[in-house]
Each structure stands twice: as C-alpha cells, then as structure tokens.
Amino acid sequence: MTAIFFTVLRISFIASYLIAAAILVRFLLGALFKNVPKNAICLLWLIVGLRLACPVIIESPFSLVPGQSALSAALLLDNNHAALPANAAPTNQEQGAQDTRGQAQNVNGQAQNANGQDAENIRGQKRPAQKNATENTFANTLESQSAPRSQSSAIIERDFLQALRNPLSARIWCAGMSLMCAYLLFSMYRIKKNVAVSVPDEWNGIRFYRCETIATPFLFGIVAPKIYVPYTVSQPELPYVLMHEKAHRRRYDHLAKIAGYTLLSIYWFHPLVWAAYILLCRDIELACDEKVVKDVGMDCKQAYSKALLACCSNKKAIATCPVAFAEIGVKKRVNNILQYKKPSLRAVLAAAAACIAISVCFATETKRDPGRLNAGTMQKTDAGRLSHSETPDDTRAIDFLEQWASAYCSRDADAVAQMLRSDAKKAFFSDTGGADDDANHMDAASRSFGWSSPWPWAAGTIGKDNMPNYNVLSAKDGTAEILYYAWTSDPHVTVWRQSVCYEPAGKEERQPDSPPFLITKSSIRYFDQIADTAAFASAYPHGIRKTPIDYTANAAGKALNRNAKQNRKLYKKLFRPASAARFLLNITTDTSKVSASTTVAGSQATVTFTFQKDGSAVTVNMLRPYGKKGIWLPQF
C-alpha cells in the first residue's frame with residue numbers, strides 16, 4: 001500500500017503542471033474566442049484524466065515540465081530500484097566503520113574462505129579513509145533533476161518527506177479514498193431507491209421515465225442509462241430536457257463523470273484535481289447545451305434557457321453519478337446559450353492546437369538518460385560493465401582498470417605491484433594488511449596484502465548469470481570508482497567502494513610487458529553499517545539485480561536458506577523481512593539511526609527504511625523464494 005501511495009503522489013506532482021496549464025488554456029480560449037467549441041475544452045479534461053490514470057511517466061524532448069524536485073524524485077518507486085532522494089551525496093560517516101559481521105562462521109562454528117584457508121577476524125583491521133570520492137551515478141542523476149534549493153526549503157522538503165513516509169500517511173490516504181468511494185456507492189443506492197417507482201413514457205422516439213421523488217431531470221445508469229424526469233416538467237420544456245439528456249447519453253458523459261469521480265477519490269488530497277473535476281462537470285453540461293442548440297436551431301435559445309431555469313435545482317453538493325439537466329452553473333449556461341454562435345475556423349484551430357500543445361508539453365516529462373555515465377563518455381552495458389567506443393586510450397584505461405580489479409580480488413600481489421606507481425606501493429601494501437617492509441624492493445614471494453574474509457574473491461564468476469565480484473562504475477580524467485562484493489562463508493556479502501587515481505606510465509617506467517597506466521592512489525570505503533541514504537546510494541547505485549548481492553540469482557541464497565533452516569536460532573533475523581533486509585543489505589541495526597516499516601503481502605513484502613539523520617528513506621522489495629518457511633531476500 002505504501003508503494004502505491006508513493007506512486008500516486010509522484011503522478012499527482014507531475015499532473016499538477018498539466019492541470020494548471022489546462023485551467024489557464026481554458027481561461028485564455030474563453031477570453032480570446034467567444035465561440036470556442038466546448039467539446040474541445042472537454043478534450044482537455046480527457047488528457048488530464050489519462051495522465052492521472054496512467055502510472056507510467058511518458059518522456060518527451062518537448063516537455064515543459066520543469067526538472068522534478070527531490071520530493072518528486074524520492075517518491076519515484078520502481079521495481080528495479082530503491083527510491084533515493086536527490087540530495088544524496090557521499091559522506092564520510094561510514095569511513096572507518098568496523099565490520100561487525102566480518103567474522104566468517106558456518107553452522108558448525110568453523111569457517112573457511114574460498115581457498116580453504118581459515119577465516120580471519122578483521123575487527124580492528126586498519127581501513128584507510130576515502131578522499132575525494134566521486135558521487136554515485138544514481139545519486140548524480142537525481143541531483144541533476146533538482147533545481148537549486150535554499151537551506152530552508154530543503155529542510156521543509158525533508159520534513160515533508162519524512163511525514164509522507166510515515167506508514168500513517170498511506171493509511172490516511174487509503175481511508176480518504178475509501179470514504180469517497182463509499183459516498184459514490186451510497187449516492188447511487190439512494191438515487192436507485194428514489195427512482196424505483198417510475199412510469200415509462202416516450203416522446204419523439206426518446207424513451208424516458210417520470211418520477212415523483214426527484215427534483216430535476218437526469219440521466220442515471222452505467223450499461224444502459226435511463227432518462228428520469230420529474231412530473232413538474234411541463235410539456236413545452238420536455239423536448240429540450242430529453243434532447244439534452246440524449247446528448248449526454250450519446251457522448252457517454254455518465255461514464256466520464258463516474259470515471260472522473262473515481263480519479264478524484266484516488267487524488268482526493270490534491271486541490272487541483274478537485275478543481276479539474278468541478279470544471280469537467282461544468283464543461284460537459286456546456287457542451288451538451290451547445291449540441292442541443294446546434295441540432296434544434298438558433299431560434300430555440302430563449303425557449304431552451306427558460307426550460308433550464310424552470311428545472312433549476314438548489315442542490316449544492318457535487319453530484320457523483322447522475323448527469324443532471326439543471327444542477328450545475330445554470331447562470332453561466334444560460335449566458336452561454338444566449339450568446340452561442342457557430343464556432344469560427346480560427347477558434348476550432350486554436351482549440352485543437354491548444355490540446356496538442358497541452359498533450360506534448362505538459363502531459364509528458366523531460367526526457368532524460370539516467371543510464372549514461374560521465375557526461376556521455378561511458379555507458380553501462382547489459383553485463384553491468386563499462387564500454388567505450390571513442391578513443392583507443394580510454395579503452396586501454398578501462399581494460400587496465402579491469403585488470404587491476406581482477407588482480408585486487410585475486411590478491412595477486414605481484415600483478416598489483418606492477419600496476420602501482422613506485423611512490424604508491426608502500427602505502428597500498430601497508431594500508432591493505434600487507435607487509436610494512438619496503439614494498440618497492442621486496443621480492444615477489446614476499447609481497448602480500450588483504451585478508452581472507454570478507455574478501456571479493458575472484459575465483460571464477462558467481463551464479464548462473466556469471467556475475468563478477470567487482471564492477472568498474474566510472475573512469476574519467478584519471479579517476480575511477482570500483483565496486484567490490486566481499487564474501488564471508490555464512491554466506492554473506494558486504495560492499496566496498498574503491499576510489500582510484502591513475503596516470504599514463506612514463507617512458508622511464510615503460511617495459512615491454514608493463515601496463516600502459518599506473519595507479520597513483522587508492523582508497524576503500526566499507527559499507528557494512530549503512531546509516532544514511534547517501535551511503536545506501538553509494539553501495540547500491542544501480543540496485544542489486546545481477547550482482548553478487550542478489551541472493552536470488554546466485555547459489556548463495558539457497559545455501560543461506562539451507563543453513564538458516566538447520567539453525568533457525570542463529571539465523572532468526574532472516575525469517576523477518578525487515579531484519580533480513582538490514583542484515584543482507586548491511587544496514588545498521590541501530591534503530592535510533594535507521595527505522596523500518598514493513599508491508600507484507602504473501603510471499604512478497606516492502607520494507608521502507610527511514611534514515612533519521614536527514615529524514616530521507618529507501619524502499620526495498622523483499623521476496624520469499626524458498627517457500628512459506630524459507631528466508632526473506634532483497635530484490636530491487
């Protein structure tokens with residue numbers, strides 16, 4: 001329910017521009033042309049209705065809808081991504097965090113790494129702080145959609161977001177929608193009860209029903225709507241009443257009004273949607289009035305106006321389902337009838353142009369390409385790696401970074417040493433748990449770095465999708481970002497993010513088999529106690545699908561489920577969606593920093609984590625792929 005609520009909010013914010021534009025165009029057409037066809041005005045509300053009813057955001061290069069705010073971007077929920085706020089930027093909060101889950105252990109109390117070595121406890125292992133880390137791609141995309149905001153507006157937006165993400169907000173929305181729908185059903189029941197006793201009659205081939213318990217003529221029904229007329233309608237007024245209601249029936253206005261009220265029930269919290277519904281009810285009446293005058297002739301204006309005034313109702317409430325003859329804007333309708341003239345060609349063309357412009361410019365959103373990386377120089381391939389097709393030098397740099405990441409995962413100290421600039425070797429080996437000796441002169445057999453667990457071992461690929469344990473996210477202007485997925489034998493995966501600086505190898509350092517580039521600096525940030533949205537965005541910039549942390553796609557999920565069933569006490573957190581998401585996505589268990597709310601529907605669940613630091617939140621889909629007694633796994 002929370003995910004649906006956020007989708008409704010997202011669409012309502014985008015539709016606000018469309019509704020405001022439709023109201024403005026309606027006013028301008030009426031001011032510039034006295035004979036604008038009202039059918040064209042009704043077409044504006046059809047465009048608005050389609051926008052509100054369609055959950056898909058349509059992109060167009062001609063859209064005039066401004067870049068969405070952080071609020072709108074944060075409310076964008078997709079089954080493939082978590083919702084992230086636009087102002088997410090990497091912080092140093094997670095630097096130096098200790099891996100509380102780094103002790104690899106199997107159900108028998110013994111653990112081995114991928115090479116059969118005993119797992120080491122890296123609690124207290126020295127971890128260098130990351131400097132000048134580049135922002136993650138997904139956060140950058142959202143940031144690019146946001147206009148600059150003042151500090152006060154950002155605080156207001158943050159507080160508003162936090163209030164919306166409270167589960168109570170979704171319940172209030174659901175309660176309001178239920179009340180609106182209940183009022184619709186009650187109105188239909190009451191009207192049906194009032195017309196239960198009615199007498200059929202006919203005039204000029206139009207069948208209708210006379211009834212004593214109604215005050216004004218109206219069209220009522222869904223599949224086969226009927227015309228109901230009170231006995232107070234005189235014989236001279238009857239033809240105009242019946243022709244008006246017949247026009248409603250031919251235009252399917254009875255269905256349009258119910259559909260409009262249904263959308264109003266969904267967006268009941270939005271004042272512009274209320275304005276659109278009220279104007280829709282007025283405009284369909286004006287359109288039917290023009291239809292009758294056009295069919296009967298201009299000489300009927302006065303007689304038709306008298307019939308309208310004679311059937312005038314004092315009812316103030318908004319009618320939900322009947323299309324009544326004289327219930328809405330009688331004064332405006334009489335003036336429109338008396339001043340009606342055949343629409344000019346200019347008015348028709350202006351109305352048609354306005355409808356097209358509204359559809360193209362305000363029913364769509366600005367076209368973006370969120371999958372692009374680094375100002376259009378690099379692009380993600382289907383495999384999640386970077387590809388490049390512009391210059392040979394850039395291709396060589398990417399190949400070099402792939403070799404670096406592979407050697408790093410394999411803990412190939414000799415290969416890593418060859419790719420490090422001489423002044424960077426000692427810092428690298430000492431900062432990654434290697435020997436403190438002179439790394440520049442130590443022989444290959446003496447070089448070592450890293451630890452056994454957790455570590456992004458690169459012994460082949462993981463799972464049926466051949467997922468590597470690393471992903472080169474970006475590479476430009478001598479800097480790169482690489483994600484690593486580090487494993488323990490639980491099995492459990494943590495995420496590391498490495499910032500790398502590199503430069504072309506100098507002539508004096510060039511050897512026949514030496515790499516074309518050299519690493520000048522590297523630092524790693526560990527995401528094992530995520531406590532803010534920026535850290536979440538940095539750890540999972542493209543979600544987790546087809547990555548080693550996607551437990552549903554690799555063998556780790558089945559192994560973890562098997563271990564959990566054998567020792568439910570040890571793995572009890574995996575049998576609850578929220579605690580499973582915390583553990584498997586490496587989110588802190590400190591509820592004072594990150595709170596969680598859960599919505600469960602069978603074998604699926606939605607967990608919304610709210611980060612208390614800034615009030616922002618992420619939403620994660622959870623699945624139970626191994627049956628009702630199996631563990632919960634994240635998927636986004």
Side-chain angles (χ1 to χ4, degrees), residues 4 8 42 45-46 48-50 52-53 172-202 206-233 238 241-271 273-289 308 311-330 333:
I4 297 175
V8 168
C42 292
W45 303 125
L46 175 61
V48 171
L50 292 175
L52 291 172
I172 293 174
W173 166 72
C174 190
M177 183 173 57
S178 300
L179 288 175
M180 295 284 288
C181 292
Y183 178 69
L184 171 64
L185 296 176
F186 173 74
S187 298
M188 296 182 70
Y189 169 76
R190 184 178 59 183
I191 293 171
K192 187 174 182 179
K193 184 178 180 181
N194 287 340
V195 299
V197 179
S198 55
V199 178
D201 202 345
E202 187 174 342
I206 302 176
R207 187 174 180 83
F208 66 98
Y209 294 83
R210 290 189 180 272
C211 185
E212 292 182 342
T213 57
I214 59 177
T216 186
F218 57 79
L219 179 70
F220 178 70
I222 297 178
V223 178
K226 300 176 181 178
I227 301 173
Y228 294 92
V229 179
Y231 277 101
T232 55
V233 174
L238 183 63
V241 169
L242 296 178
M243 292 184 68
H244 180 93
E245 299 304 332
K246 182 181 178 181
H248 274 311
R249 186 162 57 191
R250 286 182 175 179
R251 289 164 40 89
Y252 298 100
D253 287 335
H254 58 293
L255 298 179
K257 197 168 184 179
I258 293 178
Y261 185 85
T262 302
L263 290 173
L264 179 64
S265 300
I266 297 173
Y267 298 92
W268 61 267
F269 55 87
H270 203 305
V273 179
W274 282 90
Y277 179 75
I278 292 172
L279 292 175
L280 167 68
C281 295
R282 292 173 182 262
D283 289 337
I284 61 177
E285 296 297 338
L286 292 172
C288 282
D289 291 339
L308 189 61
C311 298
C312 181
S313 171
N314 294 323
K315 206 172 177 183
K316 300 294 183 182
I318 297 178
T320 57
C321 47
V323 186
F325 176 66
E327 189 176 37
I328 298 174
V330 174
R333 290 171 59 188

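Residue numbers start at 1 and run along the sequence shown. The structure displayed is predicted, hence computed values, not measured ones.
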- Between Leu184 and Ser265, is a side-chain contact (heavy atoms from CB on, under 4.5 Å) present by the stated rule, with each step listed? CA-CA 9 Å; Leu184 171 64; Ser265 300; 5.8 Å; no

- Task: Mind running side-chain contact (heavy atoms from CB on, under 4.5 Å) on Ile191 and Phe218 for me, showing each step along the way?
- Result: CA-CA 10 Å; Ile191 293 171; Phe218 57 79; 3.9 Å; yes

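Using a 4.5 Å heavy-atom threshold, the side chains of Val195 and Lys226 count as separate. Between Ile227 and Leu242 there is a side-chain heavy-atom pair separated by less than 4.5 Å. In this structure, the side chains of Leu238 and Arg210 come closer than 4.5 Å at one or more pairs of heavy atoms. For the pair Ile284 and Trp45, the minimum side-chain heavy-atom distance is 4.5 Å or more. Taking 4.5 Å as the limit, some side-chain heavy atom of Val199 sits within range of a side-chain heavy atom of Tyr231. Using a 4.5 Å heavy-atom threshold, the side chains of Pro217 and Val233 count as touching.
Every residue was checked against the salt bridge (Lys or Arg N to Asp or Glu O under 4.0 Å) condition with Arg249, not counting sequence neighbours, and none meets it. By the ring pair (Phe, Tyr, Trp, His ring centres under 6.0 Å) test, Tyr209 is found to be paired with Tyr228, residues two or more places apart in sequence or in another chain being considered. With sequence neighbours left out, Leu46 forms a side-chain contact (heavy atoms from CB on, under 4.5 Å) with Leu43, Leu50.
Rounded to the nearest 0.5 angstrom, Met188 CE and Phe220 CZ are separated by 5.0 Å. Here Asp201 contributes atom CG and Cys211 contributes atom SG; the two are 13.0 Å apart, rounded to the nearest 0.5 Å. Atom CD of Glu285 is separated from atom CG of Leu280 by 10.0 Å, given to the nearest 0.5 angstrom. Summarising the geometry, atom CD1 belonging to Ile172 is positioned 7.0 Å from atom CH2 belonging to Trp268; distances are rounded to the nearest 0.5 Å. Distance check, rounded to the nearest 0.5 Å: CG of Leu279 to SG of Cys42 gives 10.5 Å. Put simply, CZ on Phe208 and OG on Ser198 are 11.0 Å apart, with the number rounded to the nearest 0.5 Å.
Summarising the local packing, OH of Tyr189 is surrounded by 12 or fewer heavy atoms from other residues, nucleotides or ligands at distances under 6.0 Å.
Closest of all the heavy-atom pairs between Pro230 and Thr216 is CD-C, 3.8 Å. Contact detail for Leu263 and Val273: the closest heavy-atom pair is O-CG1, 4.5 Å. Here the closest non-hydrogen pair linking Gly221 and His254 is O-CD2, 3.3 Å.
A donor-acceptor pair under 3.5 Å is absent between the side-chain atoms of Trp274 and the main chain of Leu264, judged by distance alone. When atom types are taken as modelled, the side chain of Trp173 and the backbone of Ile266 share a donor-acceptor pair closer than 3.5 angstrom. Without hydrogens or angle criteria, Tyr261 side chain to Met180 main chain gives a donor-acceptor distance under 3.5 Å.
His248 pairs with exactly one of Lys246, Arg250, His244, Glu245 by the side chain to side chain donor-acceptor pair (under 3.5 Å) rule, that one being His244.
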